[in-house]
Amino acid sequence: MKKSPLFLEETNLKPVFTVSEVNYFIKNLIDSNQILRQVYIRGEISNFKYHDISGHMYFTLKDEKSQIRCVMFKNCNRLLPFVPENGMNVIAFGFISVFTRDGQYQLYIEDLQPDGIGALYIAFEKLKAHLEKEGLFAPERKRMLPFLPKRIGLITSPTGAAIRDLLTVIKRRFPNVNIVIAPVLVQGKDAADEISSAISELNSFEDIDVIIVGRGGGSIEELWAFNEEKVARAIANSRIPVISAVGHETDYTIADFVADKRAPTPSAAGEMVIPEKRILKNELKHLSLRLVNGFYNFIGEKRQKLEYLKMSPVFKRPQTYIVNCRLVIEELLGRLNKDTNYYITKQKSILSNSISRLEALNPLSTLKRGYSICINNCTNKVVKQIADVNKGDCIRVLLSDGNLLCKVDEWEKRGNAS
Amino acid sequence: MTCNYKYEEALSRLEYITEQLEKGDLTLDEALTFFEEGIKLVKICSKMLDEAEGKIEILTKDLEGNITIKDFNGGSELLE
């Protein structure tokens with residue numbers, strides 16, 4: 001390319017700066033600008049780099065049309081409650097200056113906050129983790145809802161759809177239940193305060209059995225009060241069981257986790273807070289019928305048993321029983337007679353048998369046949385051989401019809417008797 | 001008639017009594033006592049269902065922050 005004569009001429013007349021000089025000049029311009037000294041910038045993070053050694057963060061903030069380089073030094077980023085990520089929408093606070101070495105202007109970030117829904121989501125997760133760690137969601141903390149509350153506390157906006165749904169459902173199910181409404185703002189900066197103080201106000205009523213706290217559907221920002229720690233703690237501290245009923249089926253709030261029971265919608269809360277009176281009435285009616293029938297059947301059965309017993313022959317013809325007894329006695333008596341006679345006859349024959357046997361052995365009958373017995377009068381013993389007596393001894397000879405008293409004169413020994 | 005029962009307790013006692021009577025495995029004295037108690041429970045339960053007056057009230061705060069309770073007028077309109 002050919003140099004223009006004009007260019008050469010100009011460089012002779014005007015000062016030529018070094019790169020550093022220009023960069024410093026620009027840096028001064030920027031640094032002295034009031035706006036750029038303290039600036040909030042909203043954008044999406046990209047090209048995020050965390051420098052391990054230095055602890056500094058480098059990234060780009062961008063929107064649809066443009067982008068800006070950013071740095072967040074260690075001393076600023078170490079207190080961040082979250083870890084920035086690519087794609088995250090943030091609001092950054094800091095100043096803009098020039099990194100003269102590279103000739104780059106960039107945002108020096110001093111504080112960083114997640115932007116919009118993302119930010120709320122992070123706050124939600126943080127509080128949820130915190131309260132969960134504290135044990136506020138523990139299943140053993142959950143109290144049973146009363147089966148049949150007499151007085152229900154409602155904490156909600158007195159004008160929203162939620163209260164209309166709640167009252168409609170509750171009144172339809174149980175027309176005469178008592179309800180106390182604690183009107184509160186359910187969104188905006190005062191909502192959490194109002195909701196939590198309403199919970200403690202309703203707790204001062206002795207006879208409120210259960211509390212429903214809720215509101216209709218809305219954006220996450222609108223439901224936000226139910227994600228605040230103050231509300232969570234008020235629910236946890238409530239003496240009275242609490243049902244949370246916030247938004248729609250898919251909305252989960254911190255209040256839902258702390259509450260004793262979560263209802264997916266306000267209408268559903270109305271369904272679960274009280275049973276249908278009509279059904280209870282029917283059930284009771286049915287049961288009392290069964291009770292009465294059961295009792296009368298019982299009595300009827302007893303009466304039938306009694307009738308049956310009365311019909312029994314014992315009561316109908318009691319003499320039959322006596323006649324039967326008499327028959328038995330007569331029969332026994334007959335058997336007794338017969339048996340006794342038999343016994344006596346048998347004994348008689350045994351006796352006569354014994355007598356004849358005894359007869360045979362009687363020595364008197366032997367005497368009748370001519371034998372005699374000789375007894376030594378001195379010894380009173382039967383004399384069986386001659387040596388049993390001495391000469392001159394007196395002996396008695398027993399015969400069949402009397403005794404002979406004799407004196408021994410001589411012995412006559414028989415030769416063959418030895 | 002006052003009672004220390006909760007509704008669901010009274011009801012389950014009533015159920016038990018009814019079953020016993022239906023089983024019939026009782027002496028006459030027991031049956032009479034059960035029946036008497038059962039009738040009492042029916043009355044208690046029925047009273048419990050009807051005793052609330054169906055009041056809808058609303059808490060209001062005056063300028064000094066005192067809380068008072070009054071009938072909720074919006075109730076009937078909302079229900080329509």
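Order of the sequence lines sets the chain letters (A, B, ...), proteins ahead of strands, with each chain counted from 1. Everything quoted here is computed from the prediction, not taken from an experiment.
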Shortest non-hydrogen separation from [X] to [Y] and the atoms involved:
| X | Y | answer |
| --- | --- | --- |
| A:Val292 | B:Phe35 | CA-CE1, 3.9 Å |
| B:Asp50 | A:Lys277 | OD1-NZ, 2.8 Å |
| B:Thr18 | A:Leu291 | CG2-N, 3.7 Å |

Heavy-atom contacts under 4.5 Å, residues 201-211 of chain A to chain B
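Residues of residues 201-211 of chain A touching chain B at under 4.5 Å: A:Glu201, A:Leu202, A:Phe205.
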
Separation between [atom1] of [X] and [atom2] of [Y], rounded to the nearest 0.5 Å:
| X | Y | atom1 | atom2 | value |
| --- | --- | --- | --- | --- |
| A:Arg151 | B:Glu57 | CZ | CD | 5.0 Å |
| B:Ile56 | A:Ile170 | CD1 | CD1 | 8.5 Å |
| B:Ile39 | A:Ser288 | CD1 | OG | 7.0 Å |
| A:Lys281 | B:Cys45 | NZ | SG | 10.0 Å |
| B:Thr27 | A:Phe298 | OG1 | CZ | 6.5 Å |

Please check: side-chain N/O of A:Asn176 versus main-chain N/O of B:Glu53, any donor-acceptor pairing under 3.5 Å?
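The answer is no, because no donor-acceptor pair under 3.5 Å joins these two groups.
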
If we ignore hydrogens and angles and just use 3.5 Å, is the side chain of A:Asn178 paired with the main-chain N or O of B:Ala52 as donor and acceptor?
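Looks like no, no N/O pair under 3.5 Å.
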
Would you find more than 12 non-hydrogen atoms of other residues, nucleotides or ligands less than 6.0 Å from [X] atom [atom1]?
| X | atom1 | answer |
| --- | --- | --- |
| A:Arg317 | CZ | no |
| A:Tyr296 | OH | no |
| B:Glu37 | CD | yes |
| A:Asn324 | CG | yes |

If one checks every heavy atom of A:Lys150 against chain B at 4.5 Å, the contacting part turns out to be both

Could you tell me which of [options] has the largest number of non-hydrogen atom pairs under 4.5 Å with chain B?
| options | result |
| --- | --- |
| A:Leu287, A:Val180, A:Leu154 | A:Leu287 |
| A:Asn297, A:Ile299, A:Leu280 | A:Leu280 |
| A:Gly294, A:Ala198, A:Gly153 | A:Gly294 |

A:Ile179 side chain reached by B:Phe72 side chain, heavy atoms, under 4.5 Å:
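A side-chain contact under 4.5 Å is absent here.
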
Should B:Leu49 and A:Leu148 count as side-chain neighbours, where that means a heavy-atom distance under 4.5 Å?
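Yes, close enough: below the 4.5 Å cut-off.
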
So which part of [X] gets closer than 4.5 Å to some heavy atom of chain A, the side chain, the backbone, both or neither?
| X | result |
| --- | --- |
| B:Lys23 | neither |
| B:Ile69 | side chain |
| B:Ile58 | both |
| B:Gln20 | neither |

